[in-house]
Amino acid sequence: MPEILEVEMFRRSASLVIGRTVKSVTATDRIVVPEPAAVRMLVGRRITDVTRRGKMMTIHAGPARDPLAIDVHFGMSGRIIVDGSSPIDELAYGASDDTKWIRFALRFASGEMLLSDPRRFARVQPSSAWAGLGPDAFEVGKREFIDRVGARRAPLKAVLLDQSVLAGLGNMLVDEILLRAGLDPRRLVNTVSPTELGNVHAVMRRVLPELARKGGSHAGRLSAELRFAGAACPVDAHPMDRCVVGGRTTIFCPRHQH
DNA sequence: GATGCTGTTCTGGG
DNA sequence: GCCCAGAACAGCAT
């Protein structure tokens, strides 16, 4: 479920523990935390920062002469709970407050940070320094965006979903951006002009802060209730089509997306 | 009971 | 090497 907007909310929550010293680490789930010994090295260290690139959140801990960084990826159903509250109460595709979904926990002298993940697609592991991730969707400039996306040949949507090209966009956000940009998600990206790609970049830079304000990836014009074939396009009311692009269910308007 | 899913990774094949 | 489809991961909602 979490795309870049949700992960940014998680990062803000997690940053509440900056300055605290880790008292204990609970990491019993070998799927979510495949290297528990490495993650337990956090014990006794002070949290110095919590950063994010795309959908990856990184927890940084001291000391300065021997720092440790741990990557947290939330998968489909992961979310964070800090000192008893989460920025997102209700996740699509399963997440209750049931404590049996807690896969990872940091406890401090005061308070705690929990990772809840029913489906266990989340991962907590020593940081790989964001190797393999493209530039963050919030930060990437127009020139770099056009160069990176335009260098590929796959369908436009598949390229925008590729985290090594651009980090952060998921299925919902890509459909929303292409709906607003008026581009067909199936179009091979090498047939999309630099001007059109520049427009995609402009739409993305506008949509991300807007949806962040409205509460997340689900808050766009292409809301969950419209994600079926035949729904009225929010732009021109023409019945929308459904197909699969890049392995993901895709909703688009055949009239205004070309 | 069957299907699908706001994500990623791997495999086999063109 | 690039790209794709499909499967796998696992639980829940419809």
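So you know, we letter chains A, B, ... as the sequences are listed, proteins then strands, and number each from 1.
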Q: Please test A:E139 against A:R205 for salt bridge (Lys or Arg N to Asp or Glu O under 4.0 Å), starting from the C-alpha separation and ending with a verdict.
A: CA-CA 9 Å; A:E139 319 246 308; A:R205 295 296 297 259; over 6 Å; no

Q.
Hydrophobic cluster membership, with links at side-chain heavy-atom distances under 4.5 Å among I/L/V/M/F/W/Y: are A:V22 and A:V124 in one?
A. yes

Q: May I have all residue pairs that pass ring pair (Phe, Tyr, Trp, His ring centres under 6.0 Å) and include part of residues 135-189 of chain A, sequence neighbours excluded?
A: A:F145-A:H201

Q.
Please tell me if A:S77 has a side-chain N or O lying less than 4.0 Å from either OP1 or OP2 of B:dC5.
A. no

(Q) From CG of A:N171 over to C1' of B:dG4, roughly how many Å is that when rounded to an integer? (A) 12 Å

Q) Mind checking what makes side chain to side chain donor-acceptor pair (under 3.5 Å) contact with A:D83, not counting sequence neighbours? A) A:R20

Q: Report the distance from atom CZ of A:F228 to atom C1' of B:dG4, rounded to the nearest whole Å.
A: 16 Å

Q: Find the distance A:R148:CZ to C:dC2:P and express it as a whole number of Å.
A: 13 Å

Q: Verify whether one side chain among A:D49 and A:T51 offers a donor that lies under 3.5 Å from an acceptor in the other.
A: no

Q.
According to ring pair (Phe, Tyr, Trp, His ring centres under 6.0 Å), does anything in residues 228-258 of chain A pair up with another residue at least two apart or in another chain? List the pairs.
A. none

Q. Within the pair A:R242 and B:dC5, is there a side-chain N or O less than 4.0 Å away from OP1 or OP2?
A. yes

(Q) Using whole Å, what does the distance between atom C1' of nucleotide C:dA13 and atom CZ of A:R227 come to? (A) 16 Å

Q | Integer-rounded Å distance: B:dG7 C1' and A:L5 CG | A | 15 Å

Q. Among C:dC4, C:dG11, B:dG7, which nucleotide sits nearest the side chain of A:A154?
A. C:dC4

Q: May I have the distance from A:F10 (atom CZ) to B:dG7 (atom C1'), rounded to whole angstrom?
A: 13 Å

Q | A:T250: which of A:R227, A:K157, A:R242 passes side chain to side chain donor-acceptor pair (under 3.5 Å) | A | A:K157

Restricting to nitrogen or oxygen on both sides, can you table the protein-nucleotides 8-10 of chain B pairs closer than 3.5 Å?
from: B:dT8; atom 1: OP1; to: A:H73; atom 2: NE2; distance (Å): 3.1
from: B:dT8; atom 1: OP2; to: A:K55; atom 2: NZ; distance (Å): 3.0

**Q.** Is_stacked (A:F74, B:dG7) at 5.5 Å, 30 deg
**A.** no

Q.
Near DNA chain B, counting only heavy atoms under 4.0 Å, which residues of residues 176-190 of chain A show up?
A. none

Q: Please step through salt bridge (Lys or Arg N to Asp or Glu O under 4.0 Å) for the pair A:R12 and A:E8, ending with a clear verdict.
A: CA-CA 6 Å; A:R12 276 189 215 146; A:E8 175 58 17; 3.4 Å; yes

Q) Counting side-chain heavy atoms from CB outward, which of B:dG7, C:dC9, C:dG11 is closest to A:I31? A) C:dC9

**Q.** Nearest-angstrom distance from the residue atom CG of A:D29 to C1' of C:dG11
**A.** 13 Å

(Q) From the set B:dC5, C:dC4, B:dG7, return the single nucleotide nearest to any side-chain atom of A:T249. (A) B:dC5

Q | For A:F74, the option from A:M57, A:M56, A:E3 that meets side chain to side chain contact (heavy atoms under 4.5 Å, CB included) | A | A:M57

Q. Rounded to the nearest 0.5 Å, how far does OG1 of A:T26 lie from CG of A:L115?
A. 12.0 Å

Q.
For DNA chain B, report each stem as range with range, ordered by first number, or say none. Use Watson-Crick or G-U wobble pairs under 3.5 Å, at least 3 in a row.
A. B:2-5 with C:11-14, B:7-14 with C:2-9

Q.
Please classify the nucleic acid contact of A:R123 as base, sugar-phosphate, or nothing, using heavy-atom distances under 4.0 Å.
A. nothing

Q. Between A:F121 (CZ) and C:dA7 (P), how many Å, whole number?
A. 15 Å

(Q) Are A:I80 and A:L114 packed together at the side-chain level, in the sense that at least one heavy-atom pair is separated by less than 4.5 angstrom? (A) no

**Q.** A:M9, CE atom: more than 12 neighbouring heavy atoms under 6.0 Å
**A.** yes

Q) Which value, in whole Å, describes the distance between the P atoms of nucleotides C:dG1 and B:dT8? A) 22 Å

